[in-house]
Structure formats: structure tokens, C-alpha cells
Amino acid sequence: MKPIVAVAAIALATFPASVAVGADHVVHVYNWSDYVGEGVLEDFTKQTGIQVVYDVYDSNEVLETKLLAGGSGYDVVVPSATNFARMIAAGVFQKVDKSKIPNLANMWDAIQQRLATYDPGNEYAVNYMWGTTAIGYNEGKILERMPDAPVDSWDMIFKPEVVSKFRDCGVHLLDSPDDILPAALNYLGLNPDSKDPADIEKAGALVASIAPNVQKFHSSEYINALANGDICLAVGYSGDVLQARDRADEADNNVTVVYSIPKEGALMWFDSFGIPADAPNPEAAHAFINFMQDAEIAARNSNYVYYANGNKASQPLLDEEVIGDPAIYPDEATLQKLFTTTPNDPQTQRVITRAWTRVKTGG
Amino acid sequence: MSGGPDNGAAAPGGRAGRRGARWLVLAIPYLWLLVFFLVPFFIVLKISLSMTALAMPPYVPVFDLAKGIDNVVAGIRQFTTDNYVWLIEDALYVRAYLSSLWIAAVSTFLLLVVGYPIAYGMARAPRRWQAMLVMMVILPFWTSFLIRVYAWIGILKKEGLLNQMLLALGVIDDPLTILNTNTAVYIGIVYSYLPFMVLPLYAALERMDDTLLEAAADLGCPPVQAFWKITFPLSMPGVIAGCFLVFIPVTGEFVIPDLLGGSETLMIGKTLWAEFFANRDWPVSSAVAVVLLVILVVPIVLFQNQEAKRAEREGR
């Protein structure tokens, strides 16, 4: 889950259609921006002779809308799990032909099992990266305002008397009810996957109670804002916050960004490869997915983007600062606390949408 | 379409040919309107009468002409006005429309206040500078609109240029929170739409006959009074054109409130985006768009009338 970055332009510029190739030797990949290791796509072309036309997006919404409209022309896309599940139901994807992806043997069963809540039998989705949705904060500014800030707890966000202390330095929440409401439900001690309208109302009311302290609901601006020290607290995706942390380090601007998975638990997300039903070149799509699940390639990707992957075989090849970082690969105890949600039926979705709209507009 | 004055006359061949050519010329803009406005509008209207569904595309019914006319008729029977009822029932949409109209009205007023002196200065400047001044008003268009709005994030944010400057000058002690508020939205709108206000004002002021002001001065009218009695009324066509040119697009503005606005900013463009992309509710977002169009038709028709009247006056 990545922002618009210049890397998109670079990635596109790196793969000019220098060689005239037939349509069956091109794979159209639509992925999150800044989401593959350096040189990985070139190596794929070297190994298979298939050219990669690589295109990037920065939000699930844009991807899903394009796919629902049909005829997107992409062979491989990488949506997050809740969107993936909904699109399977809408008939967007074709089943993956497992015989064409021998590297599926490398997959991590712990991730496969969780992903199966969205895609029973792992028939459509092949996990690429996964992570959590939790709290990112500017250590200096938070401790200055509240030396004993409960940074290991959702109290940071959902307790009005705590979060109001950080109102003046900027609080951002993801503009995504699918991410924020489960965290609120979990905080209230309710089932984070509850479909009961009464529970959803309660979660909505909780978020509404702290909304006056929220400067902005936005799903990508917090990365830059955290890195530059413009805001001091955000609920965001693990990889994005870690990216903000690295940018702040590089900029050497006295900003220290920390990512914290609260002790109450957090939502897991999964970005997975899928092949649209109307993909022009499904053969090449399978070859691409197989290549990306090669243990060494998966490790190269994770070592570059700092996300955990769903490839068990790649783990011995990961850098210590990736596999050893509990913010990326949480320890077993934390992993047990992480939760997933199941897709919503249209009625529940409307209840959620309404609750969310009320949160954002103070209605 | 209005018929020609020579309707029904037994026209000789040459005249008929000319008439055909005239119809052809007329047909081009109408065809343009049909293909790029009416057809898309009816598609949006059709979706707004559909129901949301977990499918590709995410609504039903979908007309498939290949399945014959029965398929279309059956589809039309399924049309529903539920989405419009939903817009009225949920106070959010009414509030978003009203808030957009309010933001557009305030922005238009601010643009007029800022734009008028600029246009006035340009029109009063020596002739040889004027072409260059017009050029300078247009110059910002050479940079992408999106990039210019992004640049305002850098200027307005807490650690941004503006706060740094004010802090350094000692005007303020704590950085101001401007970004992600409605103030930032107004700044963005006034900045982005200024040329659309200045150019029609300049065109009106530049045409003005200076001897009228000389006559007023000769007759003992003080300059301020002369401005309100002569200059301003004569620039009215420019004021009206400028106001409509900014009011209409600002009402549906999306990029500026999204990038510069915060959680307090409620505009219909953002609501529409959320319905379409985040909620995947194409029927409701289409209904929002249709209602927005209907709301904007009122000022557009007023503007057209004004323009037609002016053309008539000036034509005689």
C-alpha cells in the first residue's frame, strides 16, 4: 500500500518497448507503486523473454473501479484482500491454474490459511505481501506532549483524553472504514468482524467521538506528512509508516517515526496477485506470478520494499533488518493477536458506509 | 434549432447548396453536443436509475442490445428512483450541495474582490504593456494544474514556506494551521481560478471609453463616485461573465478540496468521488451527478440569457 511516488515514472521509463515483440510475449502488470525489488522485472524478461508493461496505482479504489468497469487490459493485478473477495464475487477474476505455478510450494501456510477467509481454497489469490494496520507516530512530538503516552495501545487513538493532546500537532486516520471500524470494534471488546448493525453503530460512534481531533481522513498523505514532521500521529498501513520512517531517517530532519502494533491487536491486510477474467495473456500472467514466488525473488522484493511476504521459502534469504523487525514480521504472540475480517454483504456495506460518512462529516 | 428566414421559398439550385452548407456548419456543434454531452448524460441518467450489484459493471440492469429489444424493455421496467430518494433521505447530500454552493459563492466574491483591481490595473496600463500583462495572467497555465495545487501544500503546511516566513518576521509565535482547512481551500480556489475572473473583467474594462470619465471629471464628479457611476456599471458584462465562469466549475471542484481541504471540508465533488470509488455505488454517484447538473443548469441558463441580451444590445 504505497503512495504516488516518482518511482512510478522511473519504473515505466525502465521498460521501454525497445524490442518489437508479439502480444503473447507481453504481460501487463498493474501494481502498487514502489512495490518490487530493483531489477526484478528485468530479470523476469531475461529469464522468460516476456516483456513487462508495468503500471502503478496508489489506491484499491482506483484499481477496483477499473476492474469492475471491465476490459482493463491487465494480466496481473494486486488488490488487498477485502477488495479481492468482493471482486471474486463480482466475477472479476479467473481461477489460478496451480499446475502452472510450481512455486506455490514455497507459500507460507500461516498466511495461506488467513487469506482463505477471503478466498476459500486459495483458488484465485496468490499472496504477494502482507502487513498490519496500526499506529505510526512521531516519537519526539508525542513524548513532548505526553511523556507517558500509551504508545502500545489503541488508547492513543480511541481515548479522547489521550488523542486530544495530539490534536495540535496533527492526527490522520485512513479514509477507509474497512480498516478503521474493525480496530474500533476490537477496542470496544466486540468482534472486529461483526456484521451486526448495532455493533457497527457503536464503533462509528467511538470514531466520531475522537473525530474532532482528526485533521484529515486520507489514505496516503500521512506518509509524507509523518516523514516531514507535519503530523505526529496516524493510523496507517505498516509498510507505509515504515517507509515514512526510512524517509525521515534519510532526510536527517530530527524526525523519528515509530510503528506500533497495539497490544489489543490489529487488522492484517494481504496484497495478492490475481488474474482478471478478461486478461489478454493469462499464460504470461501465470509465468509472472510463478517468477515472483521464487524464494530468491520474493526475498529480493521484501528486502527492498520492507514488507513481509507470503513466501515461507524466502525467509532464510531475508535481511536481518527485515525478518528481525517485529514491525514487519511480528513475533508469534503478536501474530496471534492479529485479526482478519470477512467481506461484507451489500446491506452491511451500506450500514458501514453510512456510519463512516457520519464520522467524517459530523452528521 | 431555428429555421432560416427563407423557409419554404422555392430556392434555385445555388441557394439550396449554400443552405446545405450552412446546415452542415450548424450540424457540427450540434453533433458535438450530442456525442459528447447528451449521449454521456443519458448513460449517467440510466445508471442513476439502476440498482447497485456485486457484478461487472457493478449495477443492474445492463442493456445488451445483442439480446434484442426485449432485453432493453425488461431492463427499463427494472428502473428505480430509489437512488434519488436516498439523496433526499440522507441529509449528507443536501448538506454537501449547500456547502458546495456556499463555498462557490464565497470564492466567487473573493475572486471578484481580488480580480477586479488586477483587471482594472491592466486596462489602465499603457497600451504597449497590455499584451504582456495578459500573457502574464495566462502564464501559470503552462504548469500543470495539479502540480500548482500540490505546491500550495508545500507553502501552507505547518513547516511550510508561509509559516517559516511569518515566524521569521515575528508576526506569529506559533505556526498557523492552514493546510487541511477551508481557508486553504479558498486560497487554492482563488489562486487557481483567478485568470478566469481577470480576463473577462479586463476585456470589459479595456473596451471602456475613457472620455466618459473625463466628462464626469469636467462636470465635477469625484473619481470614486465616477468609478461606481460609470466604470463599474460599464464593466458589468465582464463581472457577470467572470462570476459565472468561476462559480460553475468551483461548485463541482474535486482536486482542490481533496488536496488542500480537511475533515471539515464538505463538497459535492468529494462526496461523488467517495460514492463512486470508495463505496462502489455507481447508481448513487450517478444520481449525485445528475442532481448537480440540474442545480448548475440554473446559473448556466441565467448566464446564457445575459449573454444573449448583451449580444442583442451590442449587435444593434
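In the text below, chain A, chain B and the rest are named by the order of the sequence lines, each starting its count at 1. From a predicted model like this one, the values you see are computed outputs, not experimental measurements.
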Rounded to the nearest 0.5 Å, the OG1 atom of A:T341 sits from the CG atom of A:D179 at a distance of 8.0 Å

Interface moiety of B:V284 toward chain A, non-hydrogen atoms closer than 4.5 Å: side chain

Would you list the atom pairs, donor with acceptor, under 3.5 Å between side chains in residues 161-172 of chain B and any protein atom, with sequence neighbours excluded?
from	atom 1	to	atom 2	distance (Å)
B:N163	OD1	B:L176	N	2.8
B:N163	ND2	B:K157	O	3.3
B:N163	ND2	B:K158	O	3.3
B:N163	ND2	B:L176	O	2.9
B:Q164	NE2	B:E159	O	3.2

Should the pair B:F196 and B:Y193 be assigned to parallel (<30°), tilted (30 to 60°) or perpendicular (>60°) ring geometry? tilted

Can you classify the ring geometry of A:Y30 versus A:Y74 as parallel (below 30°), tilted (30 to 60°) or perpendicular (above 60°)? parallel

Check A:K195 with A:D193, please: is the shortest side-chain N to carboxylate O separation under 4.0 Å? yes

Let me know if A:L67 has heavy atoms under 4.5 Å from chain B in its side chain, its backbone, both or neither. backbone

In terms of heavy-atom contacts, does CZ of B:F109 have more than 12 from other residues, nucleotides or ligands at under 6.0 Å? no

Chain B heavy atoms under 4.5 Å from A:N344: which part of the residue, side chain, backbone, both or neither? neither

A:L173 side, atom CG; A:Y222 side, atom OH - distance, nearest 0.5 Å: 11.0 Å

Is any residue of residues 269-280 of chain B within less than 4.5 Å of chain A by heavy atoms, and which ones? B:W273, B:F276, B:F277, B:A278, B:N279, B:R280

Interface moiety of A:N228 toward chain B, non-hydrogen atoms closer than 4.5 Å: both

Got a sec, which residues hit side-chain contact (heavy atoms from CB on, under 4.5 Å) with A:P280, two or more places apart in sequence or on another chain? A:D75

Under 3.5 Å, which donor-acceptor pairs link side chains of residues 81-92 of chain A to any protein atom two or more places apart or in another chain?
from	atom 1	to	atom 2	distance (Å)
A:N83	ND2	A:E64	OE1	2.8
A:R86	NE	A:E64	OE2	3.1
A:R86	NH2	A:E64	OE1	3.2

Interface residue of largest heavy-atom contact number with chain A, from B:L259, B:T181, B:T177, under 4.5 Å: B:L259

Region of B:D90 that comes under 4.5 Å of a non-hydrogen atom in chain A: both

